[in-house]
Amino acid sequence: MLDVPEQVAVRMAKLARLQEEGRDPFRHTRYDRSHLAAEIAERFDELDGQMVRVCGRIMRMNEVGKLCFADLVDGSGKIQAVARADHLPEASFRQFMDLDLGDIVGIQGEVFRTRRGEISVRIDEWVLLAKALRPMPEKWHGLQDVEKRFRQRYLDLLANPEVRETLRKRSAMVAAGRRFLDERGFIEVETPVLQPLYGGAAARPFTTHHNTLDIDLYLRIAPELYLKRLVVGNLERVYEVARCFRNEGISPRHNPEFTQIEAYWAYANYEDVMGLTEGLICAMAEAVNGSLTFVRNGVEIDLTPPWRRLPLLEALKEETGVDFASLQTDEEAREACGGLALGDVSEATLAQLLDRAFDHYIQERTDQPTFVTDYPVAISPLAKRCNHDPTLAQRFEPVIAREELGNAFSELNDPLDQRRRFEEQAVARQAGDEEAHPLDEDFIRALEYGLPPTGGLGVGIDRLLMILRDTDNLRETIYFPLLRPE
RNA sequence: GAGCCGUUAGCUCAGUCGGUAGAGCAUCGGACUUUUAAUCCGAGGGUCGCAGGUUCGAUCCCUGCACGGCUCACCA
């Protein structure tokens with residue numbers, strides 16, 4: 001006998017017996033279902049007394065004498081099935097009582113309401129469609145163990161209804177985003193995940209290898225450079241629901257793979273993109289919560305446009321007294337930030353200090369939707385300069401409920417300036433910045449053929465869902481978050 | 001990468017100031033024809049994360065390791 005837990009052994013024995021009797025549940029290939037579980041309750045008045053066929057997983061069983069009640073859960077919800085000893089052949093009733101929690105069955109019978117008022121199906125015929133060999137998580141507390149929840153997400157899903165709800169909302173949210181963009185003339189495209197050169201963000205990539213070409217490839221950190229190539233190719237409005245990969249630490253708000261919706265809009269600038277962002281995020285928020293307001297960490301957030309605009313450097317100067325616009329070198333920045341609550345600044349670069357100051361003094365204080373605008377060009381190598389100040393970029397990040405939800409700008413379309421920016425990145429790279437952009441000659445060549453003035457936008461949908469569902473961890477919004485293997 | 005915390009039955013959790021462990025649900029046997037966290041009676045189920053150390057004796061104390069969580073660092 002195998003060394004397995006008692007409950008598994010019992011179920012294995014039941015399965016063996018079924019198979020010996022020629023009733024192998026795994027021989028079934030389909031079940032003709034007439035209704036979903038939730039439909040029966042919704043349309044009870046018309047279905048009362050009607051014969052229906054439903055199927056699903058048994059999540060509760062309760063034997064009461066010569067009666068047996070079972071909750072069947074399917075993709076829509078649950079319906080109670082009732083087996084009666086005086087309504088089924090004796091063997092059929094006995095075999096039904098022998099089912100286990102987790103088994104997947106199809107039942108046929110008449111819709112009725114029990115004395116206690118529960119809408120139910122009285123079983124005439126039933127069939128076991130799949131045997132569960134392992135016991136389900138506990139019915140009342142569900143599956144709580146965080147590690148097990150994410151390692152065995154299927155258990156998390158079947159035991160915890162709110163997890164199903166969050167992930168369904170994810171689908172609804174992305175569908176709403178697609179609909180919003182489709183309706184405005186954007187076309188959905190797909191660009192390479194495997195890239196010979198990566199770009200579009202400041203991040204370290206994953207590296208992989210193509211055997212027959214014998215070349216190293218990178219998993220994309222962003223689709224940006226390819227989407228802009230498509231705009232050069234006269235696809236004037238494009239977007240991609242893009243899985244991105246960044247080789248960085250895991251935290252409650254970072255997963256090595258995550259999803260962005262990136263959109264590029266020819267003949268529009270970043271102010272136009274602010275309007276697009278408001279519309280897109282509102283459409284997705286309504287798909288999740290049915291409303292433009294929601295509560296995040298006890299604070300009511302109202303997404304109704306227009307959103308506040310906050311120039312980054314002006315705001316930082318106001319909050320900290322430090323004028324980042326006047327700082328040129330890392331040393332100057334360390335000196336200027338020494339008095340701020342930014343931790344150990346002795347190793348930090350100007351860009352890092354700016355980022356930390358932004359986190360601490362802007363992001364952590366921003367609940368209501370805000371466009372933080374006009375970032376330094378030095379940390380915005382793909383964004384167009386502001387006409388009033390060439391050291392600033394026409395760039396914004398939407399911040400809602402203290403989370404950075406994206407990044408957007410008027411795209412830099414001057415190929416000569418783009419080359420200079422890449423060269424500056426190369427200098428940073430030489431100086432040890434592993435996240436600096438590599439120079440992409442083909443991208444510059446594309447710009448040399450002419451990129452129209454274009455506004456671009458990226459929205460992180462995992463984070464957006466996290467705030468909309470008010471979950472405390474990004475992984476709640478990801479179907480299979482990364483964990484170290486068992 | 002650093003600090004702190006966690007790991008006990010299938011699940012959710014107690015517990016032992018060091019003497020090899022309990023509950024509820026689940027499972028098994030029995031009762032019950034309207035339950036829905038059903039109820040009642042009875043039973044089985046654990047190398048207390050792994051490896052060392054201290055000790056007459058370790059699930060408990062110590063060390064290391066693994067996995068996880070939180071915070072920080074890093075980053076979007």
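Numbered from 1 within each chain, the chains take letters A, B, ... in sequence-line order.
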To the nearest angstrom, how far is [X] atom [atom1] from [N] atom [atom2]?
| X | N | atom1 | atom2 | answer |
| --- | --- | --- | --- | --- |
| M61(A) | U27(B) | CE | C1' | 14 Å |
| L133(A) | U27(B) | CG | C1' | 15 Å |
| N255(A) | C74(B) | CG | C1' | 16 Å |
| E63(A) | C40(B) | CD | C1' | 14 Å |
| I379(A) | C74(B) | CD1 | C1' | 16 Å |
| L354(A) | C74(B) | CG | C1' | 16 Å |
| W140(A) | U36(B) | CH2 | C1' | 11 Å |
| M97(A) | C32(B) | CE | P | 10 Å |

Consider only side-chain N and O atoms of [X] and [Y], and report whether a donor and an acceptor are under 3.5 Å apart.
| X | Y | value |
| --- | --- | --- |
| R220(A) | T191(A) | yes |
| N407(A) | R395(A) | yes |
| Q394(A) | S410(A) | yes |
| H141(A) | E138(A) | yes |

Taking only residues two or more places apart in sequence, or in another chain, which ones meet [X] in a salt bridge (Lys or Arg N to Asp or Glu O under 4.0 Å)?
| X | answer |
| --- | --- |
| D156(A) | R149(A), R153(A) |
| E404(A) | none |
| E424(A) | none |

Please measure how far the [atom1] atom in [N] lies from the corresponding atom in [M], and state the result in whole Å.
| N | M | atom1 | value |
| --- | --- | --- | --- |
| C32(B) | C41(B) | C1' | 12 Å |
| A26(B) | A37(B) | P | 12 Å |
| U59(B) | G22(B) | C1' | 13 Å |
| C60(B) | G24(B) | C1' | 24 Å |
| U20(B) | U63(B) | P | 25 Å |
| A9(B) | C48(B) | C1' | 10 Å |
| U16(B) | C56(B) | P | 24 Å |
| A51(B) | A14(B) | C1' | 27 Å |

Among residues two or more places apart or on two chains, list those pairs meeting salt bridge (charged side-chain N to carboxylate O under 4.0 Å, His left out) that have a residue in residues 85-98 of chain A.
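Listed once each, the pairs are K14(A)-D98(A), R84(A)-D86(A), E90(A)-R94(A).
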ring-ring contact (aromatic ring centres under 6.0 Å, His included) contacts in which one or both residues fall within residues 66-96 of chain A, not counting sequence neighbours:
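Applying ring-ring contact (aromatic ring centres under 6.0 Å, His included) to every pair that reaches into residues 66-96 of chain A, excluding sequence neighbours, yields F96(A)-W126(A).
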Give every residue pair that meets the ring-ring contact (aromatic ring centres under 6.0 Å, His included) criterion with at least one member in residues 355-374 of chain A, sequence neighbours excluded.
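Residue pairs passing ring-ring contact (aromatic ring centres under 6.0 Å, His included), neighbours aside: W307(A)-F371(A), F371(A)-F396(A).
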May I ask you to decide if Q50(A)'s main-chain N or O and E110(A)'s side chain share a donor-acceptor pair within less than 3.5 Å?
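Between the backbone of Q50(A) and the side chain of E110(A) there is no qualifying donor-acceptor contact (under 3.5 Å).
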Donor-acceptor pair, side chain of D462(A) and main chain of L465(A), under 3.5 angstrom:
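Such a contact is absent between D462(A) side chain and L465(A) backbone.
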Quick one: does I461(A)'s side chain get under 4.5 Å of M173(A)'s, heavy atoms only?
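I461(A) reaches M173(A) side chain to side chain.
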Just to be sure I understand the rule, does A85(A) reach a base, reach only the sugar-phosphate, or reach nothing, if contact means heavy atoms closer than 4.0 Å?
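Counting heavy atoms under 4.0 Å across all strands, no contact is made by A85(A).
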Could you tell me whether Q80(A) contacts a base, only the sugar-phosphate backbone, or nothing, with contacts defined as non-hydrogen atoms closer than 4.0 Å?
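Base, at least one base atom sits under 4.0 Å.
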Can you sort out the partners of Y264(A) under ring pair (Phe, Tyr, Trp, His ring centres under 6.0 Å), two or more places apart, ordered by chain and number?
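Scan of Y264(A) (ring pair (Phe, Tyr, Trp, His ring centres under 6.0 Å), adjacent residues dropped) gives none.
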With sequence neighbours left out, what residues match Y270(A) under ring pair (Phe, Tyr, Trp, His ring centres under 6.0 Å)?
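Result, ring pair (Phe, Tyr, Trp, His ring centres under 6.0 Å) vs Y270(A): none returned.
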Letter per nucleotide, 5' to 3', of nucleotides 9-15 of chain B [B base touched, S only sugar-phosphate touched, - untouched; heavy atoms, 4.0 Å]
-BBS---
Let me have a per-nucleotide readout for nucleotides 64-70 of chain B, 5' to 3', with B, S or -, counting only protein heavy atoms under 4.0 Å.
---SSSS
So does R356(A) get a side-chain nitrogen or oxygen closer than 4.0 Å to the phosphate oxygens (OP1/OP2) of A73(B)?
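For A73(B), neither OP1 nor OP2 has a side-chain N or O of R356(A) closer than 4.0 Å.
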Indicate yes or no: does R402(A) engage D367(A) in a salt bridge with an N to O separation below 4.0 Å.
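Yes, this pair counts.
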Nearest-nucleotide wise, let me know which of F258(A) and L67(A) is further upstream toward the 5' end of RNA chain B.
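Nearest-nucleotide comparison on RNA chain B picks L67(A).
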Considering heavy-atom distances to RNA chain B, does K78(A) or G406(A) have its closest nucleotide positioned more toward the 5' end?
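Between the two, 5'-proximity favours K78(A).
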Name every residue in residues 240-250 of chain A that has at least one heavy atom under 4.0 Å from any atom of RNA chain B, in order of residue number, or write none if there are no such residues.
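Heavy-atom cutoff 4.0 Å gives R246(A), E248(A).
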Taking Watson-Crick and G-U wobble contacts under 3.5 angstrom, with | marking pairs to another strand and [ ] crossing pairs, the secondary structure of RNA chain B is written (((((((..((((.....[..)))).(((((.......))))).....(((((..]....))))))))))))....
base_contact_polar (U27(B) base, R11(A) side chain, donor-acceptor, <3.5 Å)
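Donor-acceptor pair under 3.5 Å: no.
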